[in-house]
Protein chains: 2
Amino acid sequence: MPRRAKASRPAKAPGAPAEAADGSAEPVPHGRGRKIAAKRTAILGAGLKLFSRYGLHGATMEEIAKAAHVSKTNLFYYFASKEEIYVAILRQLLESWFAPLDGLKPEADPVAAIGAYIRQKVIFSRDNPDASRLFCLEIVQGAPLLGPELRGVLKAVVDAKAGVIRAWVAAGKLAAVDPHHLLFSIWATTQHYADFAAQIDAVIGRDLTDETYLEATIANIQRIVLDGVRPRGAGG
Amino acid sequence: MPRRAKASRPAKAPGAPAEAADGSAEPVPHGRGRKIAAKRTAILGAGLKLFSRYGLHGATMEEIAKAAHVSKTNLFYYFASKEEIYVAILRQLLESWFAPLDGLKPEADPVAAIGAYIRQKVIFSRDNPDASRLFCLEIVQGAPLLGPELRGVLKAVVDAKAGVIRAWVAAGKLAAVDPHHLLFSIWATTQHYADFAAQIDAVIGRDLTDETYLEATIANIQRIVLDGVRPRGAGG
DNA sequence: GTCTATAGCACGATAGAC
DNA sequence: GTCTATCGTGCTATAGAC
């Protein structure tokens with residue numbers, strides 16, 4: 001029983017539909033399957049909440065079971081191990097994490113598209129703070145379990161979008177900025193408000209659930225990323 | 001033995017010089033005290049490395065002992081508990097984390113000062129990636145142990161610097177930007193390169209130890225924060 | 001101050017009845 | 001599929017000799 005496993009065994013659990021260890025939205029369960037899919041979803045939700053707060057090793061199966069309104073034994077009926085729950089959650093996250101990138105299309109207006117992308121990311125951070133933070137936890141610890149997906153699907157998506165940005169620059173529709181650095185800066189600033197919410201709350205006593213602060217945050221990130229702060233008469 | 005304690009008992013360990021549970025630089029140990037101070041430092045260093053990779057609960061006392069070249073029993077001679085090591089490390093980090101803020105003085109040139117600050121933060125991220133990441137881990141999990149310090153000393157420092165930035169704006173030396181959002185954006189972008197190094201490496205296969213990439217990163221953050229990306233002829 | 005030995009228990013995972 | 005009971009062990013922390 002290695003404490004820090006490298007990869008998950010293929011050990012299939014019931015209700016896992018061949019590939020997507022998800023249980024929320026893929027093949028649409030029918031009739032009897034609905035109940036077990038609902039339980040899997042509840043477990044993943046409970047795991048998300050607890051893993052994001054206490055980490056993989058800090059959260060316990062007993063707590064997850066309780067939060068999901070399931071007995072501890074039952075947990076092991078649906079998932080073979082703690083790590084299996086963890087990676088199932090992470091895989092789900094990754095998709096929703098880069099989905100907003102779809103908006104960066106070649107034919108779109110760069111500034112408008114980037115501005116919209118920033119808004120979407122901040123809104124996502126507000127609506128899914130736990131997701132944002134769990135993703136952060138995994139990456140910060142070196143992405144031991146998500147690494148392969150990052151090098152695979154994420155890299156592919158990012159490379160494609162970098163091409164779009166590069167085309168915008170070449171067309172003179174955007175200042176000469178490195179595409180990857182631009183994306184990293186957007187990710188950094190938008191997720192910061194979810195991931196470092198504890199720090200922000202400690203310093204200024206606000207968070208994104210405050211509608212006014214949410215809009216101010218979006219505006220300021222858009223401003224900093226899109227306009228800069230160098231003085232030139234009328235500010236903003 | 002509560003698994004997730006709220007605060008550390010005052011239980012003093014030998015070699016802890018009254019206040020600073022640090023052991024590296026404060027009262028300058030003399031003669032015999034040097035050896036035990038060196039061991040404490042080694043333990044804190046080992047803890048930093050392991051906690052930042054595996055989290056508070058993921059790292060084990062046995063591993064820390066081995067990494068610090070100390071027997072496991074000896075570890076408990078120098079520190080009363082695992083958490084005591086953890087908080088001692090965090091307290092150290094906080095100081096070095098906001099020390100670079102000193103450069104933001106009212107009499108300085110805003111753009112130059114902010115540019116220099118960005119450089120310092122990125123350099124710090126390169127030289128202390130583990131520190132950056134451990135700090136991130138703690139905040140992301142809600143800062144359960146560092147919360148009070150954030151609301152105290154960090155808030156005080158930030159409020160002071162926000163005043164400086166506000167004065168710059170009032171004097172017309174800087175565009176009208178919210179001071180807190182500006183600071184948050186700088187923290188977000190600079191630390192991103194240390195904290196999300198695994199992701200960046202997965203996507204573009206580089207990290208800050210590459211001197212060329214380091215300089216490109218600094219330049220791009222400075223550019224994005226200071227200049228923005230809106231098209232206006234010659235880019236950068 | 002450093003060691004060997006071990007207490008003590010929380011927690012991941014399993015057995016097996018129903 | 002869900003339960004009760006329990007195993008095995010990894011891990012924090014202590015005891016006590018030297």
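What you are looking at is a predicted structure, and each value in this text was computed from that prediction instead of being measured. Proteins come first, then strands; the chains are lettered A, B, ... in the order of their sequence lines, and each starts at number 1.
Within the structure, salt bridge (Lys or Arg N to Asp or Glu O under 4.0 Å) contacts touching residues 45-60 of chain B (residues at least two apart or in different chains) are R53(B)-D130(B).
In this structure, K66(A) places its NZ atom 14 Å from P of dG12(C), rounding to the nearest Å. Separating the OH atom of Y77(B) from the P atom of dA15(D) is a distance of 16 Å, rounded to the nearest angstrom. Between the CD atom of E83(A) and the C1' atom of dA13(C) there is a distance of 14 Å, given to the nearest Å. The CG atom of L75(B) sits 14 Å away from the C1' atom of dC3(C) (whole-angstrom rounding). Put simply, NZ on K82(B) is 15 Å from C1' on dC9(C), counting in whole angstrom units. Whole-Å rounding puts the F79(B) CZ to dT12(D) C1' distance at 16 Å. One interatomic measurement links the two molecules: OH of Y54(B) to P of dC11(D), which rounds to 12 Å at whole-angstrom precision. In this structure, E84(B) atom CD and dA13(D) atom P are separated by 10 Å, rounded to whole Å.
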Pair up each side-chain donor or acceptor in residues 150-161 of chain A with any protein partner under 3.5 Å, not counting sequence neighbours, and list the distances.
from	atom 1	to	atom 2	distance (Å)
K155(A)	NZ	D159(A)	OD2	2.8
K155(A)	NZ	V203(B)	O	3.3
K161(A)	NZ	L104(A)	O	3.1

Under 3.5 Å, which donor-acceptor pairs link side chains of residues 135-149 of chain B to any protein atom two or more places apart or in another chain?
from	atom 1	to	atom 2	distance (Å)
E138(B)	OE1	Y86(B)	OH	3.1
E138(B)	OE2	L145(B)	N	2.8
E138(B)	OE2	L146(B)	N	3.0
E149(B)	OE2	R91(B)	NH1	2.8

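Within the structure, every side-chain polar atom (N or O) of N74(B) is placed at least 4.0 Å from both OP1 and OP2 of dG1(C). Note on Y78(B): a side-chain N or O is less than 4.0 Å away from OP1 or OP2 of dT2(C). Under 4.0 angstrom from either OP1 or OP2 of dG1(D) there lies no side-chain N or O belonging to K39(A).
Comparing atom distances between the F76(B) side chain and each of dT2(D), dG1(C), dA13(D) picks out dA13(D) as nearest.
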So which protein N/O to nucleotides 4-6 of chain D N/O distances come out below 3.5 Å?
from	atom 1	to	atom 2	distance (Å)
dT4(D)	O4	T73(A)	OG1	3.0

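Taking T209(A) as the reference, D207(A) meet the side-chain hydrogen bond (donor to acceptor under 3.5 Å, both in side chains) condition, with sequence neighbours excluded. Here S185(A) pairs with nothing under the side-chain hydrogen bond (donor to acceptor under 3.5 Å, both in side chains) rule; sequence neighbours left out. Residues passing the side-chain hydrogen bond (donor to acceptor under 3.5 Å, both in side chains) test with H180(B), sequence neighbours excluded: none. With sequence neighbours left out, E62(A) forms a salt bridge (Lys or Arg N to Asp or Glu O under 4.0 Å) with no residue at all.
Note on the helix from dG1(C)-dC18(D) to dC18(C)-dG1(D): terminal axis deviation equals 10°, with five pairs used at each end and the result rounded to 10°.
Aromatic ring orientation, F184(B) versus H181(B): perpendicular (interplanar angle above 60°, classes split at 30° and 60°).
Both tests do not hold together for R126(B) against Y193(B): distance to the six-membered ring centre under 6.0 Å, angle to the ring axis within 45°.
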